[in-house]
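This report refers to the structure that appears directly beneath it.
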Amino acid sequence: MDRCDALIVGGGPAGSTCARDLVRAGLDVVVLDKQAFPRDKTCAGWITPAVVAELELDTADYAKSRVFQPISGFRTGAIGGRSITLGYPSPVSFGIRRREFDEFLLSRCGARLLLGERIDSLERTDEGWLVNGRIATRLLVGAGGHFCPVARHLGSSKGSETVVAAQEVEFHLSETQRDHCRVNPAVPELYFCGDLAGYAWCFRKGDYLNVGLGREDNTRLSEHVAKFREWMIERGRIPRDTPERFHGHAYILYGHAPRPPCADAALLIGDAAGLAYSQSGEGIRPAVESAIMAAQVIVAAKADYCRANLEPYAQKLRARFGKPHPASGASAWLPAPIRNALSSHLLASPWFTRHVVMNRWFLHAGQSALGA
Ligand SMILES: Cc1cc2nc3c(=O)[nH]c(=O)nc-3n(C[C@H](O)[C@H](O)[C@H](O)COP(=O)(O)OP(=O)(O)OC[C@H]3O[C@@H](n4cnc5c(N)ncnc54)[C@H](O)[C@@H]3O)c2cc1C
């Protein structure tokens with residue numbers, strides 16, 4: 001029988017960040033992931049400066065052998081409409097490849113790694129949990145993303161949750177494709193759906209291009225994606241042979257049927273808890289921040305992981321991200337008819353785009369990094 005203080009299910013940014021902080025506090029931690037790393041993760045790979053600070057990333061060192069693309073502007077508009085370009089005096093975000101980023105974070109976390117192993121069984125015991133019939137742990141941390149088995153075990157119900165459905169493709173640009181790609185690496189392109197129920201992006205990170213579209217309403221998602229791809233090709237922004245096959249994934253925005261983040265001897269962090277920002281869909285920052293807050297509460301519980309001792313984690317989430325509110329998404333802040341009529345008008349306004357869309361919704365300019 002293998003034993004540990006904490007078993008973390010999922011080695012994405014949430015799992016590796018929590019593991020790192022718990023190992024630093026002296027706990028014996030196991031991270032279990034169904035995939036071997038490096039692994040691909042469907043994601044645009046955009047991180048904000050708060051994430052860099054919270055992860056204590058040495059960016060010069062990181063960038064030596066990995067993609068790390070500074071972003072100092074955005075080209076935005078409504079799909080099918082005109083676009084405007086905004087500039088910033090210094091980098092306001094960065095582009096990474098999840099394949100590299102997640103492996104980097106996981107390999108430095110110091111926990112014991114069990115990779116390529118799925119969760120087959122979770123049993124509650126007097127001391128905590130028995131996982132897959134052979135690992136005894138006092139505490140279980142669910143960091144397995146949207147479909148996390150720990151979240152399911154604690155009662156998340158798939159059918160009743162409103163999810164963002166997204167499709168994305170990331171590929172290495174050949175020399176010819178580079179000549180036919182007009183997306184400036186420092187200026188990613190964001191285009192909003194007319195009903196504001198989602199947006200699409202073209203994001204060039206070094207020699208990689210990432211194209212995708214996500215919507216809160218997943219009906220005819222592939223059609224939206226195909227139309228967007230065609231539109232970008234017609235405008236000469238991306239190469240004609242940009243792959244047609246996109247990869248799909250779903251996740252919950254904070255506020256949509258939130259999952260209870262803690263139970264006796266168990267916590268959920270990151271996408272497993274459904275924490276992505278409602279307006280932008282950014283999920284890496286909430287994954288990292290929830291992991292840091294969870295680790296603080298776990299350490300303070302001093303090995304007594306009863307629900308009452310873990311409840312401060314739920315309070316920290318509310319203090320940081322606000323009270324979940326079902327109508328907090330970008331598509332919900334205006335009634336539908338007004339939304340449709342105004343979207344192209346608003347998105348053509350440089351003031352609205354800079355101050356509301358980018359600074360407030362996407363960059364969270366008013367919210368400092370945790371611990372800053
Ligand atoms: C198309 C798309 C684009 C996005 N773009 C961005 C972006 O640009 N910036 C941003 O901040 N956010 C973005 N997001 C959201 C972001 O990807 C997630 O919020 C983030 O990955 C959450 O991190 P996590 O660690 O909670 O989960 P994940 O990164 O999903 O990691 C979960 C891990 O758990 C493992 N796992 C799952 N099930 C099991 C199991 N049964 N047993 C064992 N292991 C398991 C998985 O293999 C995985 O490694 C995007 C999402 C999508 C779908």
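Just so you know, these numbers use all the heavy atoms, side chains as well, and skip hydrogens, waters and symmetry mates. Whatever order the structure lists ligands and atoms in, that order sets their numbers, starting from 1. Residues: numbered from 1 along the sequence shown.
For Ala276, no heavy-atom contact with ligand 1 is shorter than 4.0 Å. Contacts of Lys41 with ligand 1, taken as heavy-atom pairs under 4.0 Å, involve the side chain alone. Both the backbone and the side chain of Cys43 come within contact range of ligand 1, each with a heavy atom under 4.0 Å. Counting heavy atoms closer than 4.0 Å to ligand 1, residue Pro286 contributes nothing at all. The side chain of Phe37, and not its backbone, has at least one atom closer than 4.0 Å to an atom of ligand 1 (non-hydrogen atoms only; side chain from C-beta on). Looking at Phe362 against ligand 1, nothing comes within 4.0 Å, counting heavy atoms.
The only option from Arg98, Arg97, Glu168 that meets the side-chain hydrogen bond (donor to acceptor under 3.5 Å, both in side chains) definition with Asn210 turns out to be Glu168.
Under a 4.0 angstrom heavy-atom cut-off, Pro149 registers as being in contact with ligand 1. Using 4.0 Å as the threshold, Cys148 has no heavy atom nearer than that to any atom of ligand 1.
With a 6.0 Å cutoff to the six-membered ring centre and a 45° limit on the axis angle, Arg354 counts as a cation-pi contact of Tyr88. For the pair Arg138 and Trp129, the cation-pi criterion (under 6.0 Å, within 45° of the ring axis) is not fulfilled.
Around atom NE2 of His180, no more than 12 heavy atoms belonging to other residues, nucleotides or ligands sit under 6.0 Å away.
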*Run the salt bridge (charged side-chain N to carboxylate O under 4.0 Å, His left out) check on Arg3 and Asp28 step by step: do they pass?*
CA-CA 9 Å; Arg3 292 183 185 280; Asp28 178 16; over 6 Å; no
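Distance from atom 37 (C) of ligand 1 to its nearest protein heavy atom, with residue and atom name: Gly144 O, 3.2 Å.
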